[in-house]
Amino acid sequence: MAMIFLWPAIADAETAATGLQSDVVFSDYTPLASSAELLRRLLSPLNALQVGKKLAHPAVALRDQPIDLAQERFTVYVPPQSPARGFGVLVFVPPWENAMLPRGWAAILDRHGVIFVSAANSGNAANVLDRREPLALLGAHNIVQRFRVDSERIYIGGYSGGSRVAMRLALAYPDVFRGALLNAGSDPIGDAQTPLPPPEIFSRFQETTRLVYISGQNDAANVDKDAASTRSMLEWCVFDWYAERSPWTGHEVAGPAVFSRALDMLDSHAEPKLARLNSCRLRIERELGKQIDQANDLLAAGNADGARRLLDKVDTHYGGLAAPRSVDLAIRLQSLPKVP
């Protein structure tokens, strides 16, 4: 039978828990991992509106927290020495079911002063919104509650399918994660898979989040996905990223040397060039405003179906940036009398 570690409060944790611990049980929840907050940040506004309508049915209930921490297990690695400003944190979303520390990473975590935390049963087979994402958020929260942590060095990362989840979390939670390590898995943003969050969240992501893409040179599929992702970042005014192709490697977890360089790159946050950023944001706002106006014009002309089709495209592409205008229009369309 595996031994279960119930972790102590912050006063005792730094002296009691160093090295690698498996089957760690956490107990602290955060509103950031609540069902309502996950829906607000990780779904497009119209999808969130549809979920809200379903939840309004008396037979359907939304759990405040989708995760029961008493039933969950985490793997945690804590370096023996804390840096002067506190530990960094890497929350790792795996593609596999076991929560494990990749081979060779412990010495690199020691060197960089970074705590590693990963949830069990949060691999590619698990539900993304109900398990993988809240488990990562709760892992980060419980580490921060128990250790002296440098808030500028809290990172989300993952490998393969877990890396794609890490990208969604970096986009939706820039107030938690200052960077993302995307190892052999990424997506463009601003689509159905990775919708944009509300404007204030997305602005923070643009200004404060550092992205590091690491794929093997021979991993052609993910090299192409990284290229598509970085192109979309430029389209959406996200300029603080670094991409590396590891020579002589395919689809595999970053080795120790590459992992060390990735942590260095995550720490190399570039301050935004505000003139470039503001000009880019203005372009997006103009394009969005034009499409919202077109949808309203279609509705005013009696073409409700055309307005719906355009609104769906706006919701998919612009996500939270289009709210509340997109939601107001959707509600107006829903209120129209049914055509027999």
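Here, residue 1 is the first one in the sequence, and each next residue gets the next number.
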State the [atom1]-[atom2] distance between [X] and [Y], to the nearest 0.5 angstrom.
X      : Y      : atom1 : atom2 : value
Asp226 : Ser215 : CG    : OG    : 3.5 Å
Lys225 : Thr230 : NZ    : OG1   : 14.0 Å
Phe87  : Arg153 : CZ    : CZ    : 10.5 Å
Ser260 : His112 : OG    : NE2   : 3.0 Å
Thr209 : Phe177 : OG1   : CZ    : 10.5 Å
Arg308 : Leu46  : CZ    : CG    : 12.0 Å

Does the side chain of Asn183 pick up a donor-acceptor pair with the side chain of Ser163 at under 3.5 Å?
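No.
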
Indicate whether any N or O donor in one side chain lies under 3.5 Å from an N or O acceptor in the other, for Asn124 and Arg132.
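Checked: Asn124/Arg132 side chains pair up, N/O donor to acceptor below 3.5 Å.
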
So which heavy atom on [X] is nearest to which on [Y], and how close?
X      : Y      : answer
Gln65  : Thr30  : NE2-O, 2.9 Å
Ala172 : Leu42  : CB-CD2, 3.6 Å
Ser35  : Arg63  : OG-O, 2.6 Å
Cys237 : Ile284 : SG-CD1, 3.4 Å
His317 : Leu196 : O-CD1, 3.9 Å
Pro45  : Ala323 : CG-CB, 3.8 Å

Give the ring-plane orientation class for Phe26 versus Phe74, where under 30° counts as parallel, over 60° as perpendicular and anything between as tilted.
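Answer is tilted, since the angle falls between 30° and 60°.
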
Between [X] and [Y], does any side-chain N to carboxylate O distance fall below 4.0 Å?
X      : Y      : result
Arg146 : Asp28  : yes
Arg281 : Glu287 : no
Arg131 : Glu72  : yes
Asp293 : Lys290 : no
Glu285 : Arg325 : yes
Glu37  : Arg41  : yes

Report yes if the side chains of [X] and [Y] come closer than 4.5 Å at any heavy-atom pair, otherwise no.
X      : Y      : answer
Leu263 : Trp105 : no
Leu129 : Asn127 : yes
Ile115 : Leu90  : no
Arg204 : Glu200 : no
Val24  : Arg73  : no
Arg261 : Glu244 : yes
Val258 : Ile214 : yes
Tyr242 : Leu211 : no

For Leu310 and Ile292: C-alpha separation, side-chain torsions, deciding distance, then whether side-chain contact (heavy atoms from CB on, under 4.5 Å) applies.
CA-CA 8 Å; Leu310 180 54; Ile292 291 288; over 6 Å; no

Between the side chain of [X] and the main-chain N/O of [Y], is any donor-acceptor distance below 3.5 Å?
X      : Y      : value
Thr194 : Asp191 : no
Thr18  : Pro80  : no
Asn278 : Leu274 : yes
Trp96  : Asn98  : yes

Hydrophobic cluster identity match, [X] and [Y], side-chain contacts under 4.5 Å:
X      : Y      : result
Trp241 : Val165 : no
Phe205 : Val93  : no
Ile156 : Ile201 : no
Ile189 : Tyr155 : no
Leu137 : Leu171 : no

If you count heavy atoms of other groups shown closer than 6.0 angstrom to CD of Gln81, is the number above 12?
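Result for CD/Gln81: open.
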
Does Arg283 CZ have over 12 foreign heavy atoms under 6.0 Å away?
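It does: Arg283 CZ has more than 12 such atoms within range.
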
Check for me whether Arg276 meets the cation-pi criterion with Phe239, that is, NZ or CZ under 6.0 Å from the six-membered ring centre and within 45 degrees of the ring axis.
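So Arg276 does make the cation-pi contact.
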
Given side-chain contact (heavy atoms from CB on, under 4.5 Å), test Asn142 with Leu69 step by step and report yes or no.
CA-CA 11 Å; Asn142 277 270; Leu69 279 172; 4.2 Å; yes

Do Gln334 and Leu329 pass the side-chain contact (heavy atoms from CB on, under 4.5 Å) test, and can you show the C-alpha distance, the side-chain angles, and the key distance before you say yes or no?
CA-CA 9 Å; Gln334 289 173 3; Leu329 181 54; over 6 Å; no

Working note: Tyr173 + Glu133, criterion side-chain contact (heavy atoms from CB on, under 4.5 Å); need CA distance, chi angles, decisive distance, verdict.
CA-CA 11 Å; Tyr173 287 88; Glu133 290 168 336; over 6 Å; no

Between Phe92 and Phe116, is the gap from one ring center to the other below 6.0 Å?
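They qualify: ring centres under 6.0 Å apart.
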
Full working for side chain to side chain donor-acceptor pair (under 3.5 Å) between Ser229 and Tyr213
CA-CA 9 Å; Ser229 181; Tyr213 297 81; 2.7 Å; yes

